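Just so it is clear, the model here is predicted, and its values are computed rather than measured. Indexing begins at 1, ligand by ligand and atom by atom, following the structure's order.
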Amino acid sequence: MVKKQCYTTLLKLHQAHHKLCTVGLKKTATQPVFGDGNPKADIVFIGEAPGKKEDATGVPFVGAAGKFLAEMLASIKLKRQDIYITNIVKYRPPENRDPTPKEKIACAPWLYDELNFIQPKLIIFLGRHSMNNFFPDLKIADVHGILIHQKLPHITTEYFLPLYHPAAALYNGSMRETLLKDFKKIPLLLRKIKR
Ligand code: URA
């Protein structure tokens, strides 16, 4: 199993997967959007796919959803540098369409390697697409804000927290309230998790 190492090696991991990845999205995206943040983080957030701004900058969650996420992190006294954030697929799908199952499968080894390099205590799914990639039968409306303890194939982390996606909650009053409330549970849930 790969142990926690320094950032340059995680960068090498991303560069190697970018080279190897055969997903068709590579042809239409401007550039890959690697995961970003602290490679020794206790928490990894997983979104769906880069959007327009992420594609232009090469950094995940830098648009409106990213700004909202940064505000929620601040509400629990965390900064982006304290956590790590990545996406299921590392290239922007054209017109921001949902990534196809084939595209998600093509990017899966990259995500698994990335997660096993960091080995976070807790993985937080941002939205149903991210959650359904690991738990295809769950409904986000039923399980948001509830800690899941489950040993999965491919990854070492055993604790997961599904949340609504910040982009979906941004302009929906009740979803926004729910997301803010769920987010506030993170520090306590993290303290409960034993390695
Ligand atoms: N939404 C995502 O799921 N990922 C990003 O990087 C930006 C917006």
Side-chain angles (χ1 to χ4, degrees), residues 10-11 13-15 17-18 21 23-26 28-39 41 43-74 78-108 110-115 118 120 122-136 138-141 143-145 155 160-172 175-176 178-180 182-183 186:
L10 183 56
L11 182 61
L13 183 156
H14 282 301
Q15 286 166 337
H17 275 283
H18 171 46
C21 191
V23 74
L25 296 174
K26 243 173 139 169
T28 50
T30 307
Q31 59 186 323
V33 177
F34 296 166
D36 178 56
N38 183 348
I43 308 173
V44 169
F45 288 83
I46 308 179
E48 182 187 357
K52 194 172 178 184
K53 223 163 176 179
E54 289 77 21
D55 178 68
T57 58
V59 182
F61 282 91
V62 288
K67 202 165 160 257
F68 183 31
L69 182 65
E71 282 169 29
M72 290 190 287
L73 285 169
L78 287 176
K79 296 190 191 67
R80 256 185 88 120
Q81 305 90 280
D82 299 320
I83 56 105
Y84 185 87
I85 188 153
T86 192
N87 283 301
I88 301 284
V89 301
K90 309 295 197 266
Y91 304 91
R92 181 193 183 204
E95 312 303 326
N96 292 349
R97 65 160 170 76
D98 291 342
T100 65
K102 199 174 155 201
E103 288 162 352
K104 291 187 216 173
I105 289 167
C107 291
W110 189 341
L111 179 63
Y112 297 150
D113 271 0
E114 184 180 23
L115 294 173
I118 300 167
L122 176 65
I123 290 175
I124 299 183
F125 302 124
L126 294 174
R128 67 189 166 94
H129 293 288
S130 166
M131 179 187 75
N132 288 149
N133 201 59
F134 293 86
F135 296 95
L138 295 182
K139 302 248 178 304
I140 192 87
V143 297
H144 67 84
I155 56 172
F160 307 90
L161 180 69
L163 296 180
Y164 284 124
H165 195 292
L170 206 49
Y171 305 109
N172 176 325
M175 204 188 273
R176 189 187 168 98
T178 305
L179 177 55
L180 289 168
D182 287 345
F183 217 91
I186 293 172

S.K.: For ligand 1, list every N/O pair with the protein closer than 3.5 Å, one pair per line with the distance.
M.R.:
residue, atom, partner, partner atom, Å
ligand 1, 1 (N), H165, NE2, 3.4
ligand 1, 3 (O), E48, N, 2.8
ligand 1, 3 (O), N87, OD1, 3.4
ligand 1, 3 (O), H165, NE2, 2.9
ligand 1, 4 (N), A49, O, 3.0
ligand 1, 4 (N), N87, OD1, 2.8
ligand 1, 6 (O), F61, N, 3.2
ligand 1, 6 (O), N87, ND2, 2.9

S.K.: Per the side-chain hydrogen bond (donor to acceptor under 3.5 Å, both in side chains) rule, which among T28, N96, T30 passes with D55?
M.R.: T30
S.K.: Checking side-chain polar atoms at under 3.5 Å, does H18 have a donor or acceptor matched by the opposite partner on W110?
M.R.: no
S.K.: Could you verify whether a donor N or O on one side chain and an acceptor N or O on the other, from Y84 and E114, lie under 3.5 Å apart?
M.R.: yes
S.K.: Within 45° of the ring axis of Y164 and under 6.0 Å from its six-membered ring centre, is that where the NZ or CZ of R176 lies?
M.R.: no
S.K.: What is the distance from atom NE2 of H14 to atom SG of C21, rounded to the nearest 0.5 Å?
M.R.: 12.5 Å
S.K.: Mind telling me whether F183 and F45 have parallel, tilted or perpendicular rings, with 30° and 60° as the class edges?
M.R.: parallel
